[in-house]
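Here the structure is laid out as structure tokens; the discussion comes afterwards.
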Amino acid sequence: MVASVSRDMDTQALWKRYEDWLYYHSGLGLYLDISRMRFDDTLLESLKPKFEKAFKDMEALEAGAIANPDENRMVGHYWLRDPDIAPAEQKQEVIETLEQIQVFTQKVHSGEIAPPAAPKFTDILSVGIGGSALGPQFVAEALAPLDSPMPIHFIDNTDPAGIDRILTNLSDRLKSTLVIVTSKSGGTPETRNGMLEVKHAYEQQNLNFPKHAVAITMKGSKMDEIGQMEGWLAEFPMFDWVGGRTSEMSAVGLLAASLQGINIQAMLDGAKEMDAATRISDLKTNPAALLALAWYAAGNGKGEKDMVILPYKDSLLLFSRYLQQLVMESLGKELDLDGNRVNQGIAVYGNKGSTDQHAYVQQLREGVPNFFATFIEVLKDREGESIEVEPGATSGDFLSGFLQGTRQALYDNHRDSITITVPEVTPYTVGSLIALYERAVGLYASLVNINAYHQPGVEAGKKAAASVLDLQRRVVEALNTAAQPLSLVELANAANATTDVETVYKIVRHLEANGRGITVQGDRAKPSSLKITLT
């Protein structure tokens, strides 16, 4: 009896907390519930001055402050859906680009712009990486209609087998495929490699690649120069003031979406409506601030817990992958704004419900409590009526029940969660979700005093990769001039890489496996015994 009364009291207290912290936006039809995050009034009081600063920081950002001092850049992705708040030059750029996308889409769909060997373009092949791929992939999975006028395919890596799979699938339709190559600088190796591989595939079929190719890049970039020199079909701008992970509302995302038949104006409208909601400088009536509060509380402002994204809708499967870059590239920083070593960040992963009931929810419920969950709930099950799979219950009822049950099971075992609820998956709601998380990332970054808009770690990785390729050239040159087989140490010395024998070994092993004229002899379990020759 005592236990029953205690449970009733707990339930009543949770209901009151739910009502106290539930956010609802009537225009968006969006609910945000952070009641199952364990934080108290003491934390709220301590964060008040930080939030006051964060709101001012975001206001300055939208006004055109230099938010990325490393590159002396403004950060203006908010201007993409509301050009009226942008500086005059940027406002005109946004308006003109949207008009260019709409006109180009109409001409492609009507056949006014067509490939030389087919009446119309039938498919899109998108070549890009990182923010140039993740946003368009998420939006395509979430919103592309089943009868899309142009299905989309992606080359988003420099994996030869992956490239071959996509090109083989498109083989008989390359003649009617529009290729969109997206690279801000035009020098990103993965995108450049993908473009060259695709170009080769077109040449193998005696097709005129430039008459199928569209560039999305910055004026004056290497990609711009190639497109101009070869006479590509069209070019759309990437803006200096929009980072890759916040570029979905630019030509990077909107061109592909528009060509697929997705209502891009509705995406922009949803994002604009969310921007207005998240501009409010009051914690409890600002959904992005509520998210930032929940993230801070979960990880003690140090990212001590991972963020698990659980959308209960198949079409939102890629949302967690999209958020991985947005959150982790923005927040994963070694130094704070004062130069202190802080090693900030929040790890993000996820799949979808209720698939997760049969996968990693077991660990979430009973394993290491090193995470907080975010449930994405979609109220509308499907277009049209549903059959009953049990008396009084549809498949959608089961999906909703699994979400509510998992949320409760996690909380009962001291695992916290956030729930975001939207009415249905539409361009409007997808735009609003993207904008919600963009603002939450900016606010959280201010709370923990880091720069959310640069990515020095990414650049470090690119430089390291370039040094390996440079060493590979020296290795081949050294083997080419050697009069006899060389050991790894001898080869490293000849390639001026005395302290990097391990990398030399891995280069040699890869070249041999791909028939690049390298012969390796000796005991593979003892690399020091190997002898290498160029045949």
Side-chain angles (χ1 to χ4, degrees), residues 9-25 30-59 277-310 323 327-328 330-333 336-338 340-348 364 368-375 407-408 410-421 436-452:
M9 290 177 63
D10 289 345
T11 300
Q12 291 171 12
L14 275 177
W15 170 244
K16 184 176 186 310
R17 183 173 173 82
Y18 178 79
E19 285 196 297
D20 286 346
W21 284 101
L22 180 64
Y23 172 87
Y24 176 67
H25 190 290
L30 178 139
Y31 301 81
L32 174 63
D33 165 30
I34 64 168
S35 66
R36 291 329 190 249
M37 300 296 294
R38 291 172 172 88
F39 58 86
D40 55 27
D41 291 343
T42 303
L43 177 65
L44 292 178
E45 279 302 312
S46 70
L47 289 179
K48 274 186 178 179
K50 289 180 179 290
F51 269 108
E52 288 173 5
K53 178 180 181 299
F55 292 135
K56 290 177 181 176
D57 287 345
M58 296 307 297
E59 186 178 345
T278 57
R279 212 173 269 132
I280 296 169
S281 57
D282 173 67
L283 172 60
K284 292 198 75 170
T285 57
N286 181 325
L290 290 171
L291 274 185
L293 166 64
W295 299 354
Y296 193 101
N300 294 319
K302 299 176 182 178
E304 293 174 356
K305 292 193 175 182
D306 301 342
M307 183 189 305
V308 182
I309 304 294
L310 302 175
L323 291 178
V327 175
M328 295 177 73
S330 298
L331 303 182
K333 303 296 160 61
D336 69 11
L337 292 171
D338 300 319
N340 301 309
R341 187 180 301 276
V342 291
N343 298 112
Q344 275 285 357
I346 302 176
V348 179
L364 297 185
V368 184
N370 61 344
F371 72 94
F372 63 97
T374 301
F375 294 98
R407 172 178 175 269
Q408 186 62 44
L410 291 180
Y411 188 78
D412 286 347
N413 212 26
H414 302 282
R415 271 72 169 167
D416 290 356
S417 68
I418 300 162
T419 302
I420 298 171
T421 303
L436 172 63
Y437 275 88
E438 285 177 348
R439 183 84 65 169
V441 161
L443 291 171
Y444 181 88
S446 181
L447 294 181
V448 298
N449 195 37
I450 60 165
N451 182 351

Between [X] and [Y], is any pair of side-chain heavy atoms under 4.5 Å apart?
| X | Y | value |
| --- | --- | --- |
| Leu47 | Leu293 | yes |
| Gln344 | Leu331 | no |
| Arg36 | Leu14 | yes |
| Asn286 | Phe51 | no |
| Tyr437 | Leu291 | yes |
| Phe55 | Asp282 | no |
| Met37 | Ile418 | yes |
| Asn449 | Val342 | no |

- Identify, with sequence neighbours excluded, every residue that meets side-chain hydrogen bond (donor to acceptor under 3.5 Å, both in side chains) alongside Glu59.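 Glu59: no side-chain hydrogen bond (donor to acceptor under 3.5 Å, both in side chains) contacts found.
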- Item | Partner residues of Asp20 under the side-chain hydrogen bond (donor to acceptor under 3.5 Å, both in side chains) criterion, sequence neighbours left out |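 In terms of side-chain hydrogen bond (donor to acceptor under 3.5 Å, both in side chains), with neighbours along the sequence ignored, Asp20 is linked to Lys16.
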- Query: Can you tell me if Asp10 uses its side chain to pair, donor with acceptor, with the backbone of Ala13 under 3.5 Å?
  - Reply: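 Here the side-chain-to-backbone pair does not exist.
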Minimal non-hydrogen separation, [X] against [Y], with atom names:
| X | Y | answer |
| --- | --- | --- |
| Ala292 | Tyr444 | O-CD1, 3.7 Å |
| Thr278 | Pro287 | CG2-CG, 3.8 Å |
| Trp295 | Ala440 | CH2-CB, 3.7 Å |
| Ala54 | Ser446 | CA-OG, 3.2 Å |
| Val348 | Met328 | N-SD, 3.4 Å |
| Lys50 | Tyr296 | CE-OH, 4.0 Å |

- Task: Run the numbers on Leu443 and Met58 for side-chain contact (heavy atoms from CB on, under 4.5 Å), then give the verdict.
- Result: CA-CA 7 Å; Leu443 291 171; Met58 296 307 297; 3.4 Å; yes
Would you compute the distance between atom [atom1] of [X] and atom [atom2] of [Y] and round it to the nearest 0.5 angstrom?
| X | Y | atom1 | atom2 | answer |
| --- | --- | --- | --- | --- |
| Thr285 | Ile280 | OG1 | CD1 | 5.0 Å |
| Phe371 | Asp416 | CZ | CG | 9.0 Å |
| Leu323 | Glu438 | CG | CD | 10.0 Å |
| Asp306 | Phe372 | CG | CZ | 8.5 Å |
| Asp338 | Ile450 | CG | CD1 | 12.5 Å |
| Ser35 | Leu290 | OG | CG | 11.5 Å |

- Message: Going by ring-ring contact (aromatic ring centres under 6.0 Å, His included), name the residues that satisfy it together with Tyr31, two or more places apart in sequence or in a different chain.
- Response: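 Counting only residues at least two positions away or on another chain, Tyr31 forms a ring-ring contact (aromatic ring centres under 6.0 Å, His included) with Tyr24.
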- Message: Checking Phe39 against Ile34 for the side-chain contact (heavy atoms from CB on, under 4.5 Å) test, could you report, in this order, the C-alpha distance in whole Å, the side-chain angles of both residues, the deciding distance, and whether it holds?
- Response: CA-CA 10 Å; Phe39 58 86; Ile34 64 168; 3.7 Å; yes
- Might you confirm whether atom NZ of Lys302 has over 12 heavy atoms from other residues, nucleotides or ligands at distances under 6.0 Å?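 No, not enclosed.
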- Query: Taking it one step at a time, do Tyr411 and Arg38 satisfy side-chain contact (heavy atoms from CB on, under 4.5 Å)?
  - Reply: CA-CA 10 Å; Tyr411 188 78; Arg38 291 172 172 88; 3.5 Å; yes
- Using 30° and 60° as the class limits, which term best fits the ring planes of Trp15 and Tyr18: parallel, tilted or perpendicular?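 Plane angle under 30°, so parallel.
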- Item | Arg407 to Phe375 six-membered ring, cation-pi geometry met (6.0 Å, 45°) |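 No, Arg407 and Phe375 do not form such a contact.
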